[in-house]
Amino acid sequence: MNCESCGTETMLCMTVLDPDGNGRTMWLCDPCAIHAGAPISPGDTSPRAMIPRLRSLSEFISENGRFPSATEFDYSGSFPVLDDADVTPSVACRYFDDLINYISKHDRIPTDIELPDPF
């Protein structure tokens, strides 16, 4: 089965609620399911599980030129509250993009020496 959102192969089927409260069943890959509101499963602590949320955060910052508020982006313990960040949104966006690339390539979180954390 293929993801109904992006077309990649998937084995995850979930019920997605429409704004009117009606549910519909959809086949979604993990990143699209997380984007649709599915939580990252508690057993999945791999760095790759962070990539969809990092990508969403980076896209928001890039498109809006600012950090999202808690109501605009569900932090749910995965990211620090960015309101107190001492870095500009463009620096944060570059860091998140570099972090995504590092995790994709090495399948692990980089050390501060490999990728210094600007926060």
Review point. Out of curiosity, Thr111 OG1 to Asp117 CG, how far, rounded to the nearest 0.5 Å?
Key: 11.5 Å

Check your understanding: Does Trp27 offer a backbone N or O that forms a donor-acceptor pair with the side chain of Glu4 under 3.5 Å?
Key -> yes

Exercise for review: Could you walk me through whether Leu54 and Ile103 pass side-chain contact (heavy atoms from CB on, under 4.5 Å), step by step?
Suggested key: CA-CA 11 Å; Leu54 284 169; Ile103 293 170; 4.1 Å; yes

Review point. Are Tyr102 and Leu57 grouped together when hydrophobic residues (ILVMFWY) are joined by side-chain heavy atoms under 4.5 angstrom apart?
Key: no

Exercise for review: Check whether any side-chain heavy atom of Glu114 lies under 4.5 Å from a side-chain heavy atom of Arg108, and answer yes or no.
Suggested key: yes

Check your understanding: Does Asp107 reach the side chain of Arg48, with side-chain heavy atoms less than 4.5 Å apart?
Key -> yes

Show which side-chain atoms of residues 89-100 pair as donor or acceptor with protein atoms under 3.5 Å away, not counting sequence neighbours.
| residue | atom | partner | partner atom | Å |
| --- | --- | --- | --- | --- |
| Ser90 | OG | Thr88 | OG1 | 3.2 |
| Asp97 | OD1 | Ser58 | OG | 2.5 |

Revision key, fill the gap. Phe60 and Phe67 have their tightest heavy-atom pair at CE2-C, 3.9 Å

